[in-house]
Amino acid sequence: MSVALREGVSEEVRATADRMAVFLSRFIRDGELVFHGVASPLPMAAIVMARNTHAPNLTYLNIPGGVDPKPPYLPGSTVARQLMEGALSYFTLTEIFDLSARGKLDLAFLGGAQIDARGDMNLSFIGDPAAPKVRLPGGAGSAHILPTAGRTVLWRTAHDARSFPERCDFVTASGNVEAVVTPLCIFEKADGRLRVNSIHQGVTPDALRAATGFDLGDLEHTPATPEPTPAERTALEAADPEGIRLREFV
Amino acid sequence: MSVALREGVSEEVRATADRMAVFLSRFIRDGELVFHGVASPLPMAAIVMARNTHAPNLTYLNIPGGVDPKPPYLPGSTVARQLMEGALSYFTLTEIFDLSARGKLDLAFLGGAQIDARGDMNLSFIGDPAAPKVRLPGGAGSAHILPTAGRTVLWRTAHDARSFPERCDFVTASGNVEAVVTPLCIFEKADGRLRVNSIHQGVTPDALRAATGFDLGDLEHTPATPEPTPAERTALEAADPEGIRLREFV
Amino acid sequence: MSGKIISLTQAAALVQDGDLLALGGNALTRIPAAFVRELARQRRENLCLVKTAGAYDVDLLCAAGAVAQTQTGYVGFENLFGLAPSYRRGVEEGRVQAVEHACSTVIAGLRASAYGLPSQPVAGLEGSDVAAHTGFRQVKDPYTGEPVYMVPGIRPKFAVLHVAYADAEGNARIEGGAFEDVLMSRAAESVILTAEHIEETAFFVEKPDRTAIPAFMVQAVVHAPGGARPGGCHPFYDIDEDAVGAYLDSASSAESLQTHLDSWVERDHAGSAAASGSVA
Amino acid sequence: MSGKIISLTQAAALVQDGDLLALGGNALTRIPAAFVRELARQRRENLCLVKTAGAYDVDLLCAAGAVAQTQTGYVGFENLFGLAPSYRRGVEEGRVQAVEHACSTVIAGLRASAYGLPSQPVAGLEGSDVAAHTGFRQVKDPYTGEPVYMVPGIRPKFAVLHVAYADAEGNARIEGGAFEDVLMSRAAESVILTAEHIEETAFFVEKPDRTAIPAFMVQAVVHAPGGARPGGCHPFYDIDEDAVGAYLDSASSAESLQTHLDSWVERDHAGSAAASGSVA
């Protein structure tokens, strides 16, 4: 499966997946309680990788409920039983919501089908919510986690004007968004609005503007996102040798 | 300990303890979910006994959380670990309150320091609650269980006018009281008031009246409580050979 | 050894058209898949489904036209296969009412029922359109004066849970992630179990702390080895991605869905036919 | 193997005068007795104690003059020894404020904190004077219009829990009845564990479903074999009724209480002296 997956994607997609996983991992601080939810291969790879690099004392929480599991390999579903193997304790999703509600979840990674200029996200409806053009899967825990977790980092594997509009068709969740990682850039949220923090290597400001549905302001002095270091690449490859992170791109 | 206990109590006290345990057990219907709380040797003996007589399919719940335990012997504390031995599952006190709150607890046995004419009970304060003469232990779960359980049966090992007043000094709990078992009689609650359902053998109506702080109405046609049968006596002795039920009388 | 054990056919027949069902498991893990297929075979209609994160189970019942309403936080096939096609179509065409929840508000609604309350407060939701869209109301906390969202009680007729081990009375042990199954068992009026293995009661006495569902909550037990397939069930089998993909290929028409259901019928009934002595 | 392991002396010193503490266990089972004795030896004052059903632990701290307030459903020695004498005296003489709870309202208050809510609704209490006396307020349920009692959040500074097994990081396994310990660990700002046995972390990895308290909630671990005595601790020892009686005989005066505390000092510190390498 994984060999087929690797063969099926271009070098460019592969580079994007690696970058995004590495960039997500950089937001993890050592010692933090870190959570990802359903449909989250990139954060899963990022967390496992961070534990083997700069954040050996993070505590890894997930939906199956394994606290600090040592998965034998990364599963294609991020709700699979491998995320309980080698765990020290079980801590259900219900407990994770409570933990976040009482202000003790440090960092959560959440995805969005749309992420808007305010850093709000939509996983519910495209079009009119009363008669949606697209019924999206739903926001899972995001409406709860975004406002209650200490910090959240969003990501989306597609960066285009529909995915990054001025305003979401429906705000599934809004809250303590620190940053958004995309294939083109890293946004940070400041004063209630997303600003480009850094642009990935090889991406021009104009290309970024064209791919974004909201105004990005002045990008002249925006730095380039530092490329994954050799050490980061090695750690990512060790964390996810089968390339499960590529699943987000096929 | 148990031998000493038996030697320390009179035949009369022993007979009262046996009666009360047997009379309590008669309220248990086969197949019911039955609960007792802290400080409840008589109900503990009554439940274990009933399982071996007329209610083999009861489910026995208690504070330590053992569902249907087979205690090797009855402990002096009714929150002791023996009440988990041989259990099929664990079900915490929190779960028992929830069970009762959602209307699924069939029967609970609860004690009271005072039980009044309305069938309300007091385990909180004697005297003025703001400056109590006696600080009682508190009602434990009774304020929750009495109004939510399907039926509750109260008991008290002392029957005197202070224990059975017209009105409690403080109503710790009020609710679905079916009956009250005392050393002298069995009350039932009808139309919001306790009535004497039966008087134990050897107790005169006048003695009962003198020992009760509220009006008992006409007792002329009140039947005698049927004495424990030989089968009941045998089952009780088998359930509690060490006489832990006598603990309520010393 | 009989007790509450009935066949899959009989157990699915306990469910009436229009019932509210909580489905155990999460995403593609430990889902009551055999039971859900049998509901589709029996052509149950107008079901309301409660789940934090659904996938094959919710989508298949939507494909079968069995669903009137869903109360879910997420329905999809993650990065394996993306959106849930029949759920999507059902909602977009107005046949399925998708009550928009966060997973935490599903949990709050189940908590309300489990705790005997009309509704349960929940943290979070600030800034989200979910509360207004779904109609979650606020109260003023009587101590702080803060507004608090309340989620109305969700009281399923049945929690349908696939477990690793059960006995004939309904004691059940889950292996691996329990997800919201335990809460669902408390919130529901009753519980239907499908189990990989039927064990003697002594199995539960040995490790009572592992009994997630006590027998007194359970109405029926079905022996359903492989009952979570094509989902995974720890420690017995993993998600079968090819089989999930085959379902998705079949979900586009009534005929191909029937072929899918037919292809599972023997496996789905194997355990309960053996246990009850009658083929469904 | 050091991690969060500290001596009993150091752990008790984490508690400040005036702190709100949740004490684990129930009645005379799995109570943090050694810890409570050390608080008394260190002459802590104005503590507020939360517990569903207390006995030796609450009464001893009352005897030591360490308690300003209790939030309990029950304090007493059951049919073993009856009323709790020092608690009674403290309340009757106005030194101890006994906030009258049902056990279920203690649980509701802990749930509020665990769930990040200002207050938590609770069923029951109809017809009881407890709600009015304690000042529990009602809200109108926003869906049914029914009045519902809300219990304000109880957020202990520490949950102090005596467990069977812990590792140096604070993973903890309870044997036998868990009572409200797990909820207390979630409701409290932090957790102090006293443990019968200190195990390697591998012990918890072997049975992660048995880890009741995950390490990340725990601030300190004390090796305290026999730490629940004279209470019982499954499966290691039963309630020592003679020793409970001896305590009750001693609780009547400051001198005899000090004798009681002195008589336990060596046993209480034996485990943590060994673990930390220093006698307290």
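Keep in mind that the numbers below use all heavy atoms, side chains included, and drop hydrogens, waters and symmetry copies. Just so we're on the same page: letters track the sequence lines, and every chain starts at 1.
- Contact annotation for C:N171: only side-chain heavy atoms (C-beta onward) come within less than 4.5 Å of a heavy atom of chain B.
- Side-chain contact annotation: C:S272 with C:S7, donor-acceptor N/O pair under 3.5 Å absent.
- There is no side-chain donor-acceptor pair under 3.5 Å between B:S89 and C:T211.
- Ranked by non-hydrogen atom pairs under 4.5 Å with chain B, the options C:A114, C:A187, C:A212, C:S113 are led by C:A114.
- C:H162 and C:E196 are linked by a side-chain donor-acceptor pair at a separation below 3.5 angstrom, with hydrogens and angles left out of the test.
- Note that CG of B:D240 and CG of B:L246 are 7.0 Å apart. Values are rounded to the nearest 0.5 Å.
- Interface with chain C: from residues 30-52 of chain B, residues B:L33 qualify, criterion being any non-hydrogen pair under 4.5 Å.
- The side-chain contact (heavy atoms from CB on, under 4.5 Å) with B:L61 is formed by just one residue from the set B:D106, B:I96, B:L107; it is B:I96.
- Ranking C:A215, C:P208, C:G116 against chain B, the residue ahead of the rest is C:P208, based on heavy-atom pairs under 4.5 Å.
- Under the 3.5 Å distance criterion, with hydrogens and angles disregarded, no donor-acceptor pair is assigned to the side chains of C:E175 and C:H234.
- Contact of B:K70 with chain C is not made at all, since no heavy-atom distance falls under 4.5 Å.
- Between the side chains of B:N176 and B:T152, no donor-acceptor pair is found at a separation under 3.5 Å.
- For C:D141 and C:T144, the side-chain atoms include at least one donor-acceptor pair closer than 3.5 Å.
- Side-chain contact, C:Q120 with C:Y115: no donor N or O sits under 3.5 Å from an acceptor N or O.
- C:R155 touches chain B through its side chain: at least one heavy atom from C-beta onward sits under 4.5 Å away, while N, CA, C and O do not.
- Residue contact with chain C, scored on non-hydrogen atoms closer than 4.5 Å, is absent for B:E85.
- Within the 4.5 angstrom heavy-atom criterion, only side-chain atoms of C:F216, from C-beta onward, approach chain B.
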